[in-house]
Amino acid sequence: MIFTSISFLAFFLIIYSIYWLLPSYRSKKICLLFASMFFYASWNLGFFLHFLLMIVMNYWIVLHVYRTGAKKYLVLAVVLNLINLGFFKYFYFFTEIVSDISGLPLLQSLKSSSFKIILPLAISFYTFQILAFTVDVYRKKFQQEIGLFDYTVFIMFFPQLIAGPIMRPEDFIPQLKGEEKLSLDSQYKGMFLIGVGVIKKVLIADNLAFIIDPIWVKPEDYSGLTCLLAFHAFSWQIYCDFSGYTDIARGVAFLLGYQIPENFKAPFLATSPSECWQRWHITLSSWMRDYIYIPLGGSRVAEARHHFNTIVTFTLGGLWHGASWNFVIWGFYHGCILSVERLGKKFSLDKILPLSSSKFFGWLFTYHIFIWGAGIFRTSSMGDFLIMAKAIFANTPGKVVLTETVGYLCFFALLLQIIEYKNRKLTLPMQKIKVILMPLAYLLLIFLVGLLGVGSKEFVYFQF
């Protein structure tokens, strides 16, 4: 079920009504667990059973890590979950690499067979969440032993299940131990976040996608200026799409009395690449830092090894996004950019190049670094990316798609990002104003969605 669909609205209204009518906190958690199970099973019953099996197996491993602290159980968890992820997500990708190296037509014979591997919904996100839990228990960062029931609720919590944010046990488990009461403040925060998320997704991201998707399908037909527009517009599209999902997920969680982490803090206002990554997909960036970068040695190593650690971490982060070379190159690209940024600071290039110390120049540089990376991320092949890059720099002629709508949508997205940065604590007006304005805002939002919506599109990160 897509968050912006009528089916999800009906599902959530039923769950919300039942949830707050139940008398005890335990009955509320049971309702939450069954809602999460139904949410996933409605996509595919077979993969739901597979997901349950992975949860039970990992819980058994976590119990042994709790009680023995033995490293072999941590290794077992890593191997089990990476094999599960690798088989479903990377089987064809790795088979293609083996085929290219060996010269054997393995991939062609596999693709021609009737057996097809389907990617389970949310496998990347739940794998990282499961691994983070097990590693934190092993490191004794989280020492509170919990039952299978609470563990399953944590892993399956439906608002963030499909596309994050990736939660750590300390983000959520303590909330399962307290008695949550219906709070007007949390309800208004939830409604506010959902409203902002729907605006980002339905009114901005989906409309941008409708305009620029044809450009990415056949880029050789379009002018250099139009290709440049596609780079910029896709950057804003994916921001509004993904941060919109996160806003709705956090809003739904608030309405149920829970808080889940922020995932975006106005990344396009960052003035350096490292700051951008502290604001973009925050829970994934921090996951890669804590479970890949630091175990590799982090920054407490020789300078050359530090650069190696940075590039490897981001390259693996790119591979996590998808079984395709453009994702690997995208991760490698950002790792190299961060490495160059560190070298610049080390050799005090800001003193040699005064412009680099300017916040405006830093913002301009960071933004354009990001949009070129977004082009690598979005393209179906590096060949298409090179075609678009050549068209941009040579300003080649071709079809032109320059509409005022794109400019308006990107400008509106920028305003939302400024609001996101300024309103990070979700401070809302006084109680009486909220009571009056919130219903009016939702009526206006429904009208705008009906007027300007182009249909319910799947969220971009559902494919990962």
Side-chain angles (χ1 to χ4, degrees), residues 3 8 12 15-16 18-20 22 24-33 35-36 39 122 125-126 128-130 132-133 136 141-142 144 146 149-198 200-201 242-267 278-287 290 416 419-429 431 434 438 461:
F3 278 175
F8 179 79
F12 181 68
I15 297 303
Y16 179 84
I18 295 172
Y19 182 85
W20 287 114
L22 291 170
S24 68
Y25 188 58
R26 180 163 181 79
S27 62
K28 286 183 172 64
K29 286 201 295 183
I30 293 171
C31 172
L32 192 60
L33 178 58
S36 299
F39 181 76
F125 288 92
Y126 77 64
F128 273 23
Q129 195 154 303
I130 286 172
F133 192 105
D136 284 356
K141 287 181 65 177
F142 187 78
Q144 176 188 337
I146 63 171
F149 181 87
D150 282 357
Y151 180 80
T152 306
V153 172
F154 167 69
I155 300 299
M156 267 200 177
F157 187 55
F158 76 87
Q160 57 79 230
L161 173 61
I162 308 302
I166 302 167
M167 294 196 297
R168 310 288 183 89
E170 64 271 18
D171 293 329
F172 192 76
I173 298 297
Q175 297 181 68
L176 294 175
K177 300 299 178 183
E179 178 66 47
E180 286 293 336
K181 295 182 179 179
L182 188 62
S183 161
L184 281 178
D185 188 55
S186 68
Q187 302 304 298
Y188 285 124
K189 286 178 180 178
M191 292 173 68
F192 174 78
L193 281 168
I194 290 172
V196 171
V198 170
K200 286 180 179 178
K201 169 61 178 169
F242 194 19
S243 70
Y245 175 93
T246 303
D247 288 339
I248 297 171
R250 293 184 69 219
V252 169
F254 265 118
L255 291 179
L256 294 171
Y258 293 91
Q259 295 186 42
I260 58 178
E262 284 185 278
N263 222 11
F264 293 87
K265 293 181 181 177
Q278 291 166 11
R279 297 180 178 204
W280 176 278
H281 205 340
I282 298 165
T283 56
L284 175 63
S285 299
S286 63
W287 195 100
D290 293 344
L416 285 175
I419 292 169
E420 178 178 278
Y421 181 74
K422 295 292 186 182
N423 199 37
R424 283 164 57 184
K425 293 185 179 180
L426 289 178
T427 52
L428 297 175
Q431 192 73 20
K434 288 188 289 189
M438 194 65 76
Y461 264 69

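When reading the values below, keep in mind they use all heavy atoms of this one structure, side chains included, and skip hydrogens, waters and symmetry mates.
The CG atom of Leu256 lies 9.0 Å from the CD1 atom of Ile15; values are rounded to the nearest 0.5 Å. Note that the CZ atom of Arg26 and the CZ atom of Phe149 stand 5.0 Å from one another [nearest 0.5 Å]. The CD1 atom of Ile155 sits 4.5 Å away from the OH atom of Tyr151 when rounded to the nearest 0.5 Å. In this structure, OG on Ser243 lies 11.0 Å from NZ on Lys201, to the nearest 0.5 angstrom. The distance from the CZ atom of Arg168 to the CH2 atom of Trp287 is 8.5 Å, given to the nearest 0.5 Å. One finds the CD atom of Gln259 at 6.5 Å from the NZ atom of Lys189 (value rounded to the nearest 0.5 Å).
Side-chain contact between Pro165 and Ile260 is present, with at least one heavy-atom pair separated by less than 4.5 Å. Contact of the Phe172 side chain with the Gln160 side chain is not registered, since no non-hydrogen atoms from C-beta on lie closer than 4.5 Å. You'll find the side chain of Phe157 reaches within 4.5 Å of the side chain of Leu32, heavy atoms only.
For Leu22, the side chain to side chain contact (heavy atoms under 4.5 Å, CB included) test picks out Ile18, Ser27, Lys28, Cys31, with sequence neighbours left out. Legend: residues meeting side-chain hydrogen bond (donor to acceptor under 3.5 Å, both in side chains) with Asp150, ordered by chain and number and at least two apart, are Lys29, Lys177. Looking at residues two or more places apart in sequence or on another chain, you find a ring pair (Phe, Tyr, Trp, His ring centres under 6.0 Å) between Phe12 and Tyr16. In this structure Ile173 satisfies the side chain to side chain contact (heavy atoms under 4.5 Å, CB included) test together with Phe133, Phe142, Gln144, Ile146, Phe154, Pro169, Leu176, sequence neighbours excluded. Partners of Ser285 according to the side chain to side chain contact (heavy atoms under 4.5 Å, CB included) rule, which considers only residues two or more places apart in sequence or in another chain, are Trp277. With sequence neighbours left out, the side-chain hydrogen bond (donor to acceptor under 3.5 Å, both in side chains) criterion links Thr283 to Asn263.
The only option from Ile162, Leu284, Ile166 that meets the side chain to side chain contact (heavy atoms under 4.5 Å, CB included) definition with Phe125 turns out to be Ile166.
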Inset, instruction - Report the C-alpha distance between Phe264 and Asp247 in whole Å, list the side-chain angles of each, state the deciding distance to 0.1 Å, and finish with yes or no for side chain to side chain contact (heavy atoms under 4.5 Å, CB included). - result: CA-CA 9 Å; Phe264 293 87; Asp247 288 339; over 6 Å; no
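Taking the six-membered ring where the residue is Trp, the centroids of Phe254 and Phe192 are separated by 6.0 Å or more.
Of all heavy-atom pairs between Leu161 and Phe39, the closest is CD2-CD2, 4.4 Å. Smallest separation of non-hydrogen atoms from Met167 and Pro261: CG-CD, 3.9 Å. Heavy atoms only, all atoms of each residue included: Trp20 and Leu255 are closest at NE1-O, 2.9 Å. For Pro159 against Ala249, the heavy-atom pair with the smallest separation is O-CB, 3.1 Å.
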